[in-house]
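Throughout, residue positions are numbered sequentially from 1 according to the sequence presented.
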Amino acid sequence: MRMSYRAAAIAGAALFAFASVAEARTLKLNHNNPEDHPLHKSMEFMAERVNELTNGDVKIRVYANAQLGNQRESMELMQNGTLDMARSNASELEAFEESYSALNLPFIFADEEHYYKVLSGEIGDDILTSSRDKGFIGVAYYVEGARSFYANKEIRTPADLEGMKIRVQPSPSAIRMVELLGGSPTPIAWGELYSALQQGVVDGAENNPLALTSARHGEVSKVYSNNEHTMIPSVVMISTQTWDALSEDQQKAVKQAARESMDFHRKNWNEQVAEGIELAKKELGVKFVEVEKGPFVEKVLPMHEEAAAKSERVADLIKRIKAAAE
């Protein structure tokens, strides 16, 4: 029996709808922060914009609290294409792609404006795309402010760090910096740091002020010495395999959403840090100490020369970053 024109049209429409649904793709994005953290909110913003810009053809599902693995595990899963997207930071990424090490150098940025100018411009894009052959591509930087030392004593000069075990990320740059400043660098996983501080496994740590409240480190470390030694961004990445499977229009949509989320994050971050500092002072009793940066800068400047000597690529990035401040 021949199908009527109306029935054929309905069947055709249903087939088209099925094909459209089949083509829609949900990308999994994993990170290790809680859902109330500014980073999570910025990734959710990016997910919403990707959904809007692709009319639902591409969706991003954001997994908080390291549900799909810690940062190191996420990187490896993403590199082999098992995980679509992940969030890490430039400090940990330098082990995968040397270009990121230029961003991790202490006092490489003159101020917050210089920092964001580099990240949002040609230099930042150059670094994001440099890891394509490593199995991933960066799509966005999220500022995390300046990192400083916190402990149960004031750290006003490098001499105050002598004999102190300072938690650092598993990054050659972070380890070298603390060594030059006279401390004892101690790599410890983020999730283990609260208890390490509480039990005296380490004497202090270094991070942005929100660590005091979002991770409750202000409960066990009562002095934040604001020397602002590094400005290390978070980086949202996508697996090269996932990226290549997207159409050109979908890639453009992801890039646009990521770029918009960078500006969204910067504004939201600065507001939340200001609130977090007041909360740390009033509710946790944390003392904030302003520090003369000169002695710290002098101690760590050899790192710039060392990094440049090891790699022409990094030497060029250092030169370009410093020129951007002028």
Side-chain angles (χ1 to χ4, degrees), residues 29-33 37-39 42-43 70-72 74-76 78-79 85-112 114-132 134-148 167-178 185 187 189-190 205-208 210-211 228-238 258-259 261-262 265-266 269 300 303-304 306-308 310-311 313-322 324-325:
L29 167 54
N30 187 55
H31 70 95
N32 65 355
N33 295 99
H37 196 280
L39 287 167
S42 298
M43 285 180 265
N70 62 33
Q71 285 188 175
R72 182 79 189 195
S74 294
M75 288 300 303
E76 292 168 355
M78 187 177 57
Q79 284 180 299
M85 302 180 74
R87 195 281 310 171
S88 187
N89 59 54
S91 187
E92 294 202 4
L93 286 176
E94 72 174 60
F96 297 87
E97 165 53 51
E98 67 173 1
S99 301
Y100 284 99
S101 65
L103 300 178
N104 298 330
L105 291 169
F107 304 106
I108 187 75
F109 299 108
D111 52 32
E112 203 262 349
H114 175 216
Y115 175 46
Y116 202 66
K117 178 182 178 182
V118 169
L119 297 184
S120 58
E122 186 180 316
I123 301 170
D125 286 342
D126 187 0
I127 295 173
L128 289 177
T129 57
S130 63
S131 59
R132 181 181 178 83
K134 312 294 195 311
F136 66 95
I137 297 167
V139 295
Y141 295 103
Y142 291 155
V143 298
E144 289 195 67
R147 299 173 75 98
S148 298
R167 181 269 175 177
V168 294
Q169 299 181 85
S171 152
S173 294
I175 291 169
R176 179 64 174 148
M177 177 189 71
V178 172
W190 175 249
E206 54 86 42
N207 210 319
N208 61 70
L210 273 190
E228 299 184 320
H229 46 256
T230 51
M231 295 181 180
I232 297 175
S234 271
V235 184
V236 179
M237 301 155 289
I238 187 168
R259 182 66 184 82
S261 74
M262 284 175 62
H265 177 81
R266 184 190 188 191
W269 176 268
V300 299
M303 287 182 66
H304 295 210
E306 292 169 2
K310 287 179 183 176
S311 164
R313 163 73 173 166
V314 175
D316 179 61
L317 287 169
I318 293 172
K319 183 179 178 180
R320 289 162 63 192
I321 288 170
K322 290 183 176 181

Any side-chain heavy-atom pair of Met177 and Met303 under 4.5 Å: yes
Met237 side chain reached by Arg87 side chain, heavy atoms, under 4.5 Å: no
Shortest non-hydrogen contact from Ala95 toward Arg72: CB-NH1, 4.4 Å
Ion pair Glu306/Arg176, N-O distance below 4.0 Å: yes
Non-neighbouring partners of Glu228 that pass salt bridge (charged side-chain N to carboxylate O under 4.0 Å, His left out), sequence neighbours left out: Lys293
Greater than 12 external heavy atoms within 6.0 Å of Lys319's NZ: no
Any donor-acceptor pair under 3.5 Å from Ser311 side chain to Val314 backbone: yes
Taking every non-hydrogen atom, the tightest pair across Leu29 and Met43: CD2-SD, 3.7 Å
Side chain to side chain, Tyr115 and Met231, heavy atoms closer than 4.5 Å: yes
Derivation of the salt bridge (Lys or Arg N to Asp or Glu O under 4.0 Å) call for Glu112 and Arg266: CA-CA 10 Å; Glu112 203 262 349; Arg266 184 190 188 191; 2.8 Å; yes
Nearest-0.5 Å distance that lies between atom OG in Ser88 and atom NE2 in His31: 12.5 Å
Note, Leu317 side chain near Ile127 side chain (heavy atom, < 4.5 Å): yes
From Asn33 atom CG to Leu39 atom CG, the distance as rounded to the nearest 0.5 Å: 5.0 Å
Side-chain donor/acceptor of Tyr142 to backbone N/O of Val236, under 3.5 Å: no
Side chain to side chain contact (heavy atoms under 4.5 Å, CB included) partners of Asn208, counting only residues at least two apart: Glu144, Leu210, Trp269
Side-chain donor or acceptor of Asn89 paired with backbone N/O of Glu92 under 3.5 Å: yes
Check: Asn207/Arg167 side-chain N/O donor and acceptor closer than 3.5 Å: no
Nearest heavy atoms of Ile318 and Ala307, plus distance in Å: CD1-CB, 4.0 Å
Partners passing side chain to side chain contact (heavy atoms under 4.5 Å, CB included) against Ser74 (at least two apart in sequence or in another chain): Asn30, Leu83, Ala86
Reported CG-to-OG distance for the pair Asp316 and Ser99, which is rounded to 0.5 angstrom: 9.5 Å
Atom pairs and distances, side-chain donor-acceptor, residues 103-111, under 3.5 Å, sequence neighbours left out:
| unit_1 | atom_1 | unit_2 | atom_2 | d |
| --- | --- | --- | --- | --- |
| Asn104 | OD1 | Ser91 | N | 3.3 |
| Asn104 | ND2 | Ala90 | O | 2.9 |
| Asn104 | ND2 | Glu94 | OE1 | 2.7 |
| Asn104 | ND2 | Tyr100 | O | 3.4 |
| Asp111 | OD1 | Glu113 | N | 3.2 |
| Asp111 | OD1 | His114 | N | 2.8 |

Any side-chain heavy-atom pair of Val118 and Arg320 under 4.5 Å: no
Distance-minimising heavy-atom pair for His265 and Val143: NE2-O, 2.7 Å
Partners passing side chain to side chain contact (heavy atoms under 4.5 Å, CB included) against Pro187 (at least two apart in sequence or in another chain): Val168, Ile175
Atom pair CD/CZ of Glu97 and Phe136 - distance to nearest 0.5 Å: 6.5 Å
Verdict with supporting geometry, Ser42 and Met262, side chain to side chain contact (heavy atoms under 4.5 Å, CB included): CA-CA 8 Å; Ser42 298; Met262 284 175 62; over 6 Å; no
Distance-minimising heavy-atom pair for Val235 and Gly138: CG1-CA, 4.3 Å
Value rounded to 0.5 Å, distance of CD in Gln71 from OG in Ser234: 7.0 Å
Contacts of type side chain to side chain contact (heavy atoms under 4.5 Å, CB included), residue Asp125, not counting sequence neighbours: Leu128
Rounded distance [0.5 Å steps], NZ in Lys117 versus CD1 in Ile321: 12.0 Å
Least distance between heavy atoms, Gln169 atom then Ala174 atom: O-CB, 4.1 Å
